[in-house]
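Read the structure below first, then the notes.
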Amino acid sequence: MTLPLALSQNVVNLVYVVAAIGLILGIKGLSHPTTARRGNILAAIGMTLAVVFTFAAPGMGHYWLIAVGIAAGSVIGAVAARKVKMTAMPQMVALFNGVGGGAAALIAAAEFHDLAPLSGAVPGDTLAASMFSALIGSVSFSGSMIAFAKLQELLSGRPFTFPGQNVVNAGVFGAALVFAVVASATEAGIWMVLLLVVALVFGVALVLPIGGADMPVVISSLNAFTGLAAASAGFVLGNNALIIGGTLVGASGTLLTLMMGKAMNRSVANVFFGAFGAAPSGGGAAATVSAEGQTVREISPDDLAVMLGYARLVMIVPGYGLAVAQAQHAVRELADLLEAKGVQVKYAIHPVAGRMPGHMNVLLAEANVPYPQLLDMEDANPEFPRTDVALVIGANDVTNPAARSNPESPLYGMPILDVDKAANVVVLKRSMNPGFAGIDNELYFNPKCAMLFGDAKASLERLIAAVKAL
Ligand code: NAP
């Protein structure tokens, strides 16, 4: 069956250029909260144009089958986007990313299956692109499924390691490369099947040794893999939209991975092969007396309410603990109360605060915190010397001064929020336990710093009651 209005390839390519502009402007828009919604819509329009006009491209067929696939995918996507909680977003991204990689691998396998019986007839560039898509797409699929299972706590978040692991993994990857070469040389389907199976095993082996807390970096890397697999599937099919779209995903995923690595002061190789997060390296912490005999100072909600009520500028520093406690609405309520008393309230957002890129922005946006109050690290740090109270809520590593001063610390070199430059620092957390990096925080022994122990939401509720009673 052909469509009544099949268009020439030139017209379709022209529309693909328009679609590509939509995707590029969309990604640009997503780089800021105020333009993100518009960016999303532009990208969606670009993608819709690309899909619709692909139907009218010469040589298309199986329209009903494709329509059923699109309908099923759209329903699943729409329901998932509405139902999935904000805290479960990383898992959903992992899942969707994985099926993208799997689809690219299947396209490569299907094209190989179609062309290979004409042995010797598959052009070299198609063969190379098919092998690349099959390999990278499969790795992305199985790796993303393991990342999903870790984030969903179906698997332990602890790194799964054994001696000689990197050598074994390199062997599995080497075997996949050999199968790709033999499949290209012989054009026999069995080698393609072996390539797919071994690449799937490699994806599992690659992600298992990585700690649950590093999963966001892993997912953005796998996202880049999926983009590259899709782009090379575009070469296999001769589809320009797929090449452009895949390349954009590949490039943005790579940039995000590098930016996150930089903000954590860790190389991507360290994330993949370092089994970070295996055990706390800070000596167990939990002590309220430092090695030098300094003790931490506690503060009551009533005293903190007075301190905040008389402040001119309060800088709220949210972290992972705020997300766990789901305390974003309580924070907003506290800020509203303080603003009503004439206190200026701002939020300092570290790029890797929380467990996924943009975690804090998303949480605070959910509680309707106005965007202009959210300061990036570069804008927040110059504000700390004139801040009366830095209120750190469930954040730890991103405030640790050892990152500036202690070359021995694993955090050394990571850019941090300079909360210790504020006149007063108050930290809301449950105990003296370390954060993700497993490192003690010397900030807590600073004479300017006081602790309000307890669950972030419960502490904020006590604080709100105390501010109301002022
Ligand atoms: P963090 O260093 O992990 O510290 C979070 C703190 O929250 C903990 O010390 C914990 O102390 C406290 N906490 C946990 N549950 C709480 C609750 N219910 N109420 C109050 N406090 C609670 O978090 P962060 O400062 O946000 O730093 C993020 C870390 O994650 C960095 O090391 C970063 O490199 C890493 N990371 C981030 C990303 C990303 O994309 N954002 C990706 C990968 C890794 P208690 O147990 O004492 O309460």
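The residues of the chain are indexed from 1 along the displayed sequence. Both ligands and their constituent atoms are indexed starting at 1 by order of listing. The structure presented is a predicted model; accordingly, all values stated were derived computationally and were not measured.
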Should one rank [options] by closest heavy-atom distance to [atom], which comes out on top?
| atom | options | result |
| --- | --- | --- |
| atom 5 (C) of ligand 1 | G261, G394, G435 | G394 |
| atom 4 (O) of ligand 1 | I416, N396, L428 | N396 |
| atom 26 (O) of ligand 1 | G354, P351, P318, A395 | G354 |
| atom 14 (C) of ligand 1 | M260, R430, M414 | R430 |

Answer yes or no: is there a side-chain heavy-atom contact under 4.5 Å between E366 and H329?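 Touching, per the 4.5 Å side-chain cut-off.
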Hey, are the side chains of L428 and F453 touching, using non-hydrogen atoms and a 4.5 Å cut-off?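 A side-chain contact under 4.5 Å is absent here.
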Numbered atoms of ligand 1 (with element) below 4.0 Å of [X], judged on heavy atoms:
| X | result |
| --- | --- |
| A325 | 18 (N) |
| D455 | 17 (C), 18 (N), 19 (N) |
| P434 | 9 (O) |
| G319 | 26 (O) |

For ligand 1, indicate whether the residue H350 contacts it via side chain, backbone, both or neither (heavy-atom separation under 4.0 Å).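 Looking at H350 and ligand 1, no heavy atom falls under 4.0 Å.
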Report the part of P216 in contact with ligand 1, treating N, CA, C, O as backbone and CB onward as side chain, heavy atoms under 4.0 Å; options are side chain, backbone, both, neither.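 Only the side chain of P216 comes within reach of ligand 1.
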Do any nitrogen or oxygen atoms of A456 come within less than 3.5 Å of a nitrogen or oxygen of ligand 1?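 N/O-N/O distance under 3.5 Å: yes.
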Mind checking whether M432 has an N or O less than 3.5 Å away from an N or O of ligand 1?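 Between M432 and ligand 1, no N or O pair is found under 3.5 Å apart.
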With a 4.0 Å cut-off on heavy atoms, is H359 touching ligand 1?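 H359: no contact with ligand 1 (<4.0 Å).
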